[in-house]
Amino acid sequence: MSAEQAASVRETTPVGEAESAGEGVSASGADGPEGAPEQQDAARLLVRTLEAEGVEYVFGIPGEENIHFVHALNESSIRYVLVRHEQGAAFMAEIYGRLTGRAGVASATLGPGAINLQLGVADATTNSTPVVAISAQVGLDRIYKESHQIVDLVSLFRPITKWSELAPTAEALPEMVRKAFKTAQTERPGAVYLAIPEDVESAKVAADLKPLKVNVVRPQEPSASQIARAADVIALARQPIILAGHGAARAGAGGALVHFSERLGLPVATTFNGKGVFPDDHRHALGAVGFMRHDYVNFGFDEADVLIAVGYELQEFDPVKINPAADKKIIHIHQFPAEVDDHYPVEVGIQGDLSRSLHALAEAVHRRFDVNGTGREIRRLMGEELAEGAVEDGFPLSPRRIVADVRAAMGRHDIVLADTGARPFCTSRGTSANVLVGAEWYLSDEVSPRAA
């Protein structure tokens, strides 16, 4: 195949069909010696596996040990985004994963280049964001002995990822890349790490080796018996309250959450990570929890006897702050079981698709609650605080004035970027927009496609 023909194939062949058109044959495009099987570069095979996963961007810095991979990217449909520091590449991949729900890809060379990825990778895992980090590694011909820039990268990344591994052969790349993306994107999502030795990246493999098919996980139906048990708990409740977390936003459960709240007449608070999944201007909205002191929204939890946690994860907000006596009955609705905590005793756990679980539970509960009371008082106090902030004219500007002005200027689907520290608490608590806090992006399922 000539270079012109290969370029034509790349431009016209849909992703996933390139192998049938001869894409990926050895760099020269020519057959090997007569009778010898055709071969392809391992770096080109690696890029084809990324294309099969739907990767659009790779964020990173090239190096000598992964230069074949970078060259192969330049000949693909994937855009290589050059960054100034590998830490930035990891954070960019994390934000891509947060916005799209698909794994962002960060790339680095071996040794210090790979080590620089770690902060963003750790942040992605703690924030339940899918990221695939790929770095070079020394060749297998010297990895077993002391040598220049040898670091046990797989062991370094293992505590901060869902899966960390080294590709032992070029032939293993299709399986390992498929596992990497499946692991990163499956609930609970997080980061994975894959090390590619330089002699694996530069190897030749059979031309008929191709990416694995991407299988899509179907939504899981909730257990009917658990739905019935949860309905019984709610039916006997005095004053239930809903707490929506990051998992609800990831699952796109905003519509089902609004329906559930309106059907049962229940107030809804969100975590910072869950902010945006329930409209702040809805009459049932209590706002975002997480302020360092006993904030207004906690008043709703103080009076509640049943907590319905939807997509909530314990690292978002310490449950001791909303259940200090550990006496509330908790209904945990998520796609995976709850972590164990003394102040988060689960009365009923519903594991399955969040939207389907909420719709099923709404149908099973034949009771409606009065959402007014505390909810109305909380919204009144918040309104008064915003009104007071709007007229503060001191210098320098007070946080309340900044928040009031931002809230007045922005709408439900707008996005605010705030630095870390006390700033995100004020901003997330007081604005109706979705809040991006440092490296942590708090987005609703409605906003994410627009932002992407």
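Since the structure is predicted, the reported quantities are computational estimates derived from the model, not experimental observations.
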Is any side-chain N of the basic residue among Glu221 and Arg356 closer than 4.0 Å to the acidic one's carboxylate O? yes
Are Ser128 and Glu313 linked by a side-chain donor-acceptor pair shorter than 3.5 Å? yes
Do other residues, nucleotides or ligands put more than 12 heavy atoms under 6.0 Å from the CD atom of Glu175? no
Between Met176 and Trp163, the two heavy atoms sitting closest are O-CZ3, 3.7 Å
Could you grab the distance from atom CG of Asn273 to atom NZ of Lys275, nearest 0.5 Å is fine? 12.5 Å
Partners passing side-chain hydrogen bond (donor to acceptor under 3.5 Å, both in side chains) against Gln137 (at least two apart in sequence or in another chain): none
Intermediate values then yes/no, side chain to side chain donor-acceptor pair (under 3.5 Å), Gln335 and Arg188: CA-CA 8 Å; Gln335 298 185 71; Arg188 177 178 180 179; over 6 Å; no
Specify the closest pair of heavy atoms between Leu358 and Phe260, including all atoms of both residues, with the distance to one decimal. O-CD1, 3.5 Å
List the atom pairs, donor and acceptor, that lie under 3.5 Å between side-chain atoms in residues 336-343 and the rest of the protein, sequence neighbours left out.
from	atom 1	to	atom 2	distance (Å)
Asp341	OD1	His343	N	2.8
His343	ND1	Asn323	O	2.9
His343	ND1	Pro324	O	3.2

At their closest point, which heavy atom of Pro130 faces which heavy atom of Ala184, and how far apart are they? CB-O, 3.3 Å
Among side-chain atoms of Tyr193 and Ser135, is any donor-acceptor pair under 3.5 angstrom? yes
Nearest 0.5 Å, please: how far is CG in Leu117 from OG1 in Thr161? 12.0 Å
What orientation do His282 and His284 show, parallel under 30°, tilted 30 to 60°, or perpendicular over 60°? perpendicular
Classify the side-chain pair Arg98/His246 by whether it contains a donor and acceptor separated by less than 3.5 Å. yes
Under the rule for side-chain hydrogen bond (donor to acceptor under 3.5 Å, both in side chains), what residues qualify as partners of Thr186, not counting sequence neighbours? none
Under a 4.5 Å cut-off applied to non-hydrogen side-chain atoms, are Val131 and Val192 in contact? no
Let's go through Tyr344 and His332 carefully: what are the C-alpha distance in whole Å and the side-chain angles of both, what is the deciding distance for side chain to side chain donor-acceptor pair (under 3.5 Å) to 0.1 Å, and is it a yes or a no? CA-CA 9 Å; Tyr344 195 74; His332 178 83; 2.8 Å; yes
Atom of Leu354, atom of Ala253 and distance for their closest heavy-atom approach: CB-CB, 4.0 Å
Is a side-chain donor-acceptor pair under 3.5 Å present for Glu201 with His68? yes
Sub-4.5 Å side-chain heavy-atom contact between Thr49 and Glu53: no
